[in-house]
Amino acid sequence: MSAQQQDYLAVSQQIEQLLVRQNLRGMASLKPHLRPGYILRAARLINQCRGTVLIGTGFPVLNTFETDGPVGAIGLYQLLKRLGAAPVLVCGDPLYSALKADYQCYQISVNQFDALPAIAEAALAQLKPQLVISIERPGFNAQQRYANMRGEDISARCASFDYFLTQAHCPTIGIGDGGNEIGMGNVYQQVSALNITPCVTQCDELIVADVSNWAAWGIAAMVSVLRGENLLPGAEPLTILQYLSAKGSVDGVTRLNTLTEDGLAHTEGQQLIDDLELLIK
């Protein structure tokens with residue numbers, strides 16, 4: 001390993017630690033079970049993409065969608081556009097209808113449980129992604145159903161994105177903060193010890209964070225290091241939260257339409273971005 005690669009790995013591990021430093025839902029206990037450098041490997045995948053990148057997001061809460069997931073998905077979308085790639089947000093209603101006027105989106109049907117592998121196969125053949133990312137998307141549990149952090153079955157309000165990863169002919173990244181998200185199948189045994197119904201769906205690179213959105217800023221920081229240019233000034237979580245709030249988003253923890261992520265003030269996410277900027281200077 002060259003000195004530069006060692007430096008990159010050191011920065012990646014510092015970012016990985018920053019992303020779980022509050023350990024709100026046990027993600028710090030999962031981190032040791034992941035091969036170090038996952039932020040670096042994900043950042044390299046994103047940095048080299050110039051074609052289509054699918055970004056699946058949207059966790060249903062009541063009859064709307066939560067702020068955690070879409071904020072980070074939009075952050076990754078903006079980063080990928082800046083890098084010259086062609087990102088597509090993949091989601092079901094009501095999130096799809098909220099975003100489609102402003103972003104390239106691909107709709108997946110809510111409460112669709114028939115022919116899911118065939119649906120994903122057809123979509124992948126049509127879209128031909130170079131990379132598939134899932135950020136805070138419900139993942140199948142052992143019963144092939146979807147459960148929220150309270151253990152409630154939310155399958156009737158979920159669109160299914162699992163097969164987009166498991167059938168993709170390209171690298172896949174999963175991002176989560178609790179254990180029930182797509183990708184957490186990579187650490188199924190460890191997640192089973194947490195107070196959550198674990199997801200079984202796996203991915204190539206799993207990223208854990210205190211808030212899933214925050215992984216997007218960690219990735220942007222690592223891409224900045226790889227490219228030798230600071231891409232974090234474009235990270236504006238408050239602006240994205242305001243945009244989503246106007247579309248009817250709610251906080252996944254409080255279930256209120258507020259400018260918060262998982263019960264945390266937007267300033268917490270901004271603090272992380274500030275700390276990441278200090279790290280990569």
Roughly how far, to the nearest 0.5 Å, is [atom2] of [Y] from [atom1] of [X]?
| X | Y | atom1 | atom2 | answer |
| --- | --- | --- | --- | --- |
| Phe113 | Cys158 | CZ | SG | 7.0 Å |
| Gln22 | Leu264 | CD | CG | 6.0 Å |
| Glu261 | Leu259 | CD | CG | 10.0 Å |
| Ser155 | Asn148 | OG | CG | 10.0 Å |
| Ile119 | Phe164 | CD1 | CZ | 8.0 Å |
| Leu244 | Asp68 | CG | CG | 11.0 Å |

For [Y], does its backbone N or O pair with a side-chain atom of [X] as donor and acceptor, under 3.5 Å?
| X | Y | answer |
| --- | --- | --- |
| Glu16 | Tyr38 | yes |
| Thr197 | Gly151 | no |
| Gln167 | Pro117 | yes |
| Asn180 | Pro198 | no |
| Thr201 | Gly185 | no |
| Ser12 | Tyr8 | no |
| Arg137 | Gly58 | yes |
| Asp177 | Glu136 | no |
| Asn47 | Val223 | no |
| Thr57 | Ile135 | yes |

With Tyr163, which residues qualify under side chain to side chain donor-acceptor pair (under 3.5 Å), at least two apart?
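Partners of Tyr163 under the side chain to side chain donor-acceptor pair (under 3.5 Å) test: none.
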For Ser249, which residues count as a side chain to side chain donor-acceptor pair (under 3.5 Å) partner, sequence neighbours excluded?
none
Is [Y] reachable from [X] through a run of hydrophobic residues whose side-chain heavy atoms are each under 4.5 Å from the next?
| X | Y | result |
| --- | --- | --- |
| Val20 | Leu24 | yes |
| Leu127 | Leu80 | no |
| Leu79 | Val11 | yes |
| Val53 | Leu206 | yes |

Leu62 vs Val250, side-chain contact (heavy atoms from CB on, under 4.5 Å): CA-CA, chis, key distance, verdict
CA-CA 9 Å; Leu62 303 177; Val250 296; 5.6 Å; no
Expected list for residues 270-281: side-chain donor-acceptor pairs under 3.5 angstrom, two or more places apart:
{"residue": "Gln270", "atom": "NE2", "partner": "Asp274", "partner atom": "OD1", "Å": "3.2"}
{"residue": "Gln271", "atom": "NE2", "partner": "Asp275", "partner atom": "OD1", "Å": "3.0"}
{"residue": "Asp275", "atom": "OD2", "partner": "Arg21", "partner atom": "NH1", "Å": "2.9"}
{"residue": "Asp275", "atom": "OD2", "partner": "Arg21", "partner atom": "NH2", "Å": "2.7"}
{"residue": "Glu277", "atom": "OE1", "partner": "Asn230", "partner atom": "ND2", "Å": "2.6"}

Which atom names give the shortest non-hydrogen contact between [X] and [Y], and what distance separates them?
| X | Y | answer |
| --- | --- | --- |
| Ala168 | Val132 | CB-CG2, 4.0 Å |
| Gly72 | Asn213 | N-OD1, 2.8 Å |
| Arg150 | Val253 | NH2-O, 3.0 Å |
| Gly139 | Asp162 | CA-OD2, 3.4 Å |
| Gln202 | Thr166 | O-CG2, 4.5 Å |
| Leu19 | Trp214 | CD2-O, 3.4 Å |

side-chain hydrogen bond (donor to acceptor under 3.5 Å, both in side chains) contacts touching residues 111-129 (sequence neighbours left out)
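Found none.
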Any side-chain donor near an acceptor of the partner, Gln78 and Glu236, under 3.5 Å:
no
Pair Asp251-Thr260, side-chain donor/acceptor within less than 3.5 Å
yes
List the steps and the verdict of side-chain contact (heavy atoms from CB on, under 4.5 Å) for Met222 and Val225.
CA-CA 5 Å; Met222 194 72 236; Val225 173; 4.1 Å; yes
Are the side chains of Arg41 and Asp204 in contact, using a 4.5 Å heavy-atom criterion?
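Asp204 vs Arg41: side chains apart.
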Inter- and intrachain pairs under salt bridge (Lys or Arg N to Asp or Glu O under 4.0 Å), touching residues 207-235, at least two apart:
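Pairs touching residues 207-235 that pass the test: Arg227-Glu229.
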Show the atom names and distances, to 0.1 Å, of all donor-acceptor pairs under 3.5 Å that link a side chain in residues 83-93 to residues at least two apart or in another chain.
{"residue": "Asp93", "atom": "OD1", "partner": "Ser97", "partner atom": "N", "Å": "3.0"}
{"residue": "Asp93", "atom": "OD1", "partner": "Ser97", "partner atom": "OG", "Å": "2.6"}
{"residue": "Asp93", "atom": "OD2", "partner": "Ser97", "partner atom": "OG", "Å": "3.4"}
{"residue": "Asp93", "atom": "OD2", "partner": "Gln107", "partner atom": "NE2", "Å": "3.3"}

Would you sort out whether Tyr243 and Leu99 count as a side-chain contact (heavy atoms from CB on, under 4.5 Å), showing the intermediate values?
CA-CA 10 Å; Tyr243 166 83; Leu99 300 179; 3.7 Å; yes
Would Ile182 and Thr172 count as a side-chain contact (heavy atoms from CB on, under 4.5 Å) here? Give the steps.
CA-CA 11 Å; Ile182 285 175; Thr172 59; over 6 Å; no
Tell me if the centroids of the rings in Phe65 and Phe59 come within less than 6.0 Å of each other.
no
